[in-house]
> 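Got a structure for you, written out below as structure tokens; questions coming shortly.
Proteins get letters first, then strands, A, B, ... in listed order; numbering begins at 1 in each.
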Number of protein chains: 2
Amino acid sequence: MSDLKQPQFNPGKGIGTPVGVAILGRGTVGAEVMRFMQEYSFDLENRIGGPLELRGVAVSNVEKHASEVPAELLTTDARALIARDDVDIVVEVIGGIDYPRELILEALKAGKSVVTANKALVAAHSDELAAAADAAGVDLYFEAAVAAAIPVLGPLRRSLAGDRIESVMGIVNGTTNFILDAMDSTGASYDDMLAEATRLGYAEADPTADVGGHDAASKAAILATLAFHTRVTANDVYCEGITHVTAKDIAAAKEAGYTIKLLAICERFTSDDGTEKISARVHPTLIPRDHPLASVSKSFNAIFVEAEAAGRLMFYGNGAGGAPTASAVLGDLVGAARNKVHGGRAPGDSTYANLPIAAFGEVHTRYHVDMEVADRIGVLAEIADLFASCGVSLRTVRQEDNGDTARLIIVTHSAAESDLAAVIIKLKNMAAVKSVNSVIRLESE
Amino acid sequence: MSDLKQPQFNPGKGIGTPVGVAILGRGTVGAEVMRFMQEYSFDLENRIGGPLELRGVAVSNVEKHASEVPAELLTTDARALIARDDVDIVVEVIGGIDYPRELILEALKAGKSVVTANKALVAAHSDELAAAADAAGVDLYFEAAVAAAIPVLGPLRRSLAGDRIESVMGIVNGTTNFILDAMDSTGASYDDMLAEATRLGYAEADPTADVGGHDAASKAAILATLAFHTRVTANDVYCEGITHVTAKDIAAAKEAGYTIKLLAICERFTSDDGTEKISARVHPTLIPRDHPLASVSKSFNAIFVEAEAAGRLMFYGNGAGGAPTASAVLGDLVGAARNKVHGGRAPGDSTYANLPIAAFGEVHTRYHVDMEVADRIGVLAEIADLFASCGVSLRTVRQEDNGDTARLIIVTHSAAESDLAAVIIKLKNMAAVKSVNSVIRLESE
């Protein structure tokens, strides 16, 4: 036998050894995690090989939770709870960045495994968190941070660990998908559908993180890190939200056989200088109405993974909500607990590939440009020349007479973002162009 | 700190420790596994923490592979290869049952982890294989056995380990989906489309395992075992293939807004006697044309998992083929190799729940019955009485005049299979019923 570790598993030994859990935060997700820990305790114990025992719940206001959580479990002192000898795993569902970051680092340093649903934190500080987990040899899991209950980080880490991932693309924010879907089906304005989403609980009181694309950008960073074995943070992700998408854009898209979705797109590609690079971006995107992502309605999420050997895979489900997020947290909790009982450790973030992250200008996309131009002979030729002079070739051109002006809708072939951006600047300065109504990127199969 | 194992992971230590691999069989999948092991060797080494080293490939005929595999790797003595001290993981891609079963048991007993793509073997003997893996404390992985590259066993084992799965339902056989899809889109007969599938390589020379539903039944057994933490073998699965599906059935389905798919359906339910039971079955099934599974075309696979907390999840992708199957095998290989290098063990089959498997008669389904009846007053009432006398209530009744006879299409509400079966026997003995043209089960959202 070669010089490898002998098996650590011992069927009889673990059963009965309790695994102590501390939960930091008791919002919607924290409450659901507690509920399922109780409801499924028999199943969880059997799947783990020992019972999960809740040692405490750290909250900012004990009174607020006193009617639902036994007094002896509630504490405002998260640090003391984490430090307890009988706490093996810390579940962080507080949200925010700085405070949970400190708590998680403290937990990891103390040899506790950590499960978190905090996408913003992981996307901003995964290097520091992963290093702390590696140094202590404990688990750091965050499946719930991307697409809630849809298993996608696990499959990237494990099932696809023997494949080469080319791209990960999907709808990873339920709030913006609800708004865009509602705009598409009703023809209503962005403001009205945001109000509707808020009324129905799909949007938070302050929707900035969602509608600005930042939430999706955090998820894109996490997906790109795992897919490409390269550290990608939220700052590396080009991010454009949906606040500027108008009812007119949606109507024009519909007319042309498209729908608009906020997509997170992570790609591996060979840049113009011949090196392999990766990119991650979030922006409103036109997709054909028969594209599988086009039928993802309401607040559902769907993620496509394209891998060299596996081909294209799709994962679909509830991307938000208390119970689906709790499902992902509990899956991670069982994994971390199994490792505490039986030994072993989950594969951490592997960032050996360390691929260069492309500047956004290098990324190749396609544009859909909707503009008003002077309705006179020669304008189309001028505009076509302008695109050509920037190295951008046209795929389709559609012209509609509009009285004094003509409406011109151009779809380009794939070109570098920097070239496409240069085209738009020049178009806006062109006398024959009355207005550029919208510029939206486009993906097709 | 409570009495739990201390972390086994040691970042510096594993790197460089080679992991020896033996491959048993070199058909399409074996060849692809070898190709990707070579092509991705840098990535695999980094993801594992040590290089994968191929020790040998066992084949039945060395000459046949001599031009593509170095002579020193080829052997006809699988047992000697497995027994080598420098073999840590055995990959079985031979197919069949008895011979690979012996080899895998030998490997597990010798402390080697095993990765197999062999659904028939796992579905028939998973208890024996799991016991051998548990006794030796090694890994037994078989993600490729169900839906090839689509990660579904991993998510059931891990991501959903903290949830309660209610049902798993899907299209898990590409050959039959290709045939049914082609029948649906062309209107052609089963025989013609089977011939087409054979010509295009979607069906094997002997298609019995696919068209008879046995391949799907093996997959259903594996899915049910993992989903319900209960040992389910292929013999426990009700299995009906597609050989009796006619062009007329397909046309009638289309007319009524349905399509016919061969579905594997695994469910947890409360039986009429009040106990919680599970069932697994494979049969042609009518589903509405707007059901997400209806749009799964050609040889693609798609699996729905419904879990209490997570809600409904869908997994979609290539369910067959050399490269997609190799992707799943390699993912498992990386997992087993990581455990060899870093310690730990994958969660095995946990069968603690040991739920009773329902007799097929207890399962509740809905029937779509297409028949010719005498066109006279009172027949419909007689037939409705007959259904009612068996405890089956009707959902829709459609009658079409057909000259001397009438065509009657009845869709029932959900009822016990035994009651539905009794209805059909009685219908066939009824004077007013000229013929029962088809009886197909039906699922809707």
> Return the CE to CZ distance between B:Met314 and A:Phe300, rounded to the nearest 0.5 Å.
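The distance works out to 11.5 Å.
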> Out of A:Arg164, A:Arg157, A:Glu143, return the one with the most heavy atom pairs under 4.5 angstrom to chain B.
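Counting heavy-atom pairs under 4.5 Å, the top option is A:Arg164.
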> Report, as yes or no, whether the 6.0 Å neighbourhood of atom CD on A:Gln38 holds more than 12 heavy atoms from other residues, nucleotides or ligands.
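For A:Gln38, atom CD is not crowded (no more than 12 foreign heavy atoms under 6.0 Å).
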> Once you round to the nearest 0.5 Å, how far does CG of A:Asp163 lie from CZ of B:Phe36?
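The CZ atom of B:Phe36 is 6.5 Å from CG of A:Asp163, to the nearest 0.5 Å.
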> Is there a donor-acceptor contact under 3.5 Å from the side chain of A:Asp43 to the main chain of B:Gly162?
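Looks like no, no N/O pair under 3.5 Å.
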> Just give me the residue among B:Phe315, B:Tyr40, B:Phe42, B:Tyr141 that pairs up with chain A most often, heavy atom to heavy atom, under 4.5 Å.
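Most pairs with chain A among the choices: B:Tyr40.
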> Pick whichever of B:Ser113, B:Gly154, B:Ala310 has the most heavy-atom pairs under 4.5 Å with chain A.
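Heavy-atom pair counts peak at B:Ala310.
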> Output the distance between atom CD1 (A:Ile150) and atom OG (B:Ser159), rounded to the nearest 0.5 Å.
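Reported value, rounded in 0.5 Å steps: 11.5 Å.
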> On a heavy-atom basis, which atom in A:Leu160 and which in B:Ser327 lie closest, and how many Å separate them?
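Here A:Leu160 and B:Ser327 meet closest at CD2-OG, 3.9 Å.
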> Just checking, is any N or O donor in the side chain of B:Arg345 or A:His342 under 3.5 Å from an acceptor N or O on the other one?
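Judged by distance alone, the side chains do not pair up.
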> Shortest non-hydrogen contact from B:Leu313 to A:Gly317?
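So the two residues come closest at CD2-CA, 4.1 Å.
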> Nearest 0.5 angstrom please: A:Tyr352 OH to B:Arg47 CZ, how far?
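Rounded to the nearest 0.5 Å, the OH-CZ separation comes out at 3.5 Å.
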> Give the member of A:Gly321, A:Gly322, A:Pro324, A:Gly311 that has the highest number of heavy-atom pairs under 4.5 Å with chain B.
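Maximum pair count with chain B is reached by A:Pro324.
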> I want to check something: taking the side chain as every heavy atom from C-beta on, are B:Glu39 and A:Glu308 in contact at a cut-off of under 4.5 Å?
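Yes, close enough: below the 4.5 Å cut-off.
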> Please determine, among B:Ser350, B:Ala307, B:Gly331, B:Gly348, the option with the most heavy-atom pairs under 4.5 Å with chain A.
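The option with the most such pairs is B:Gly331.
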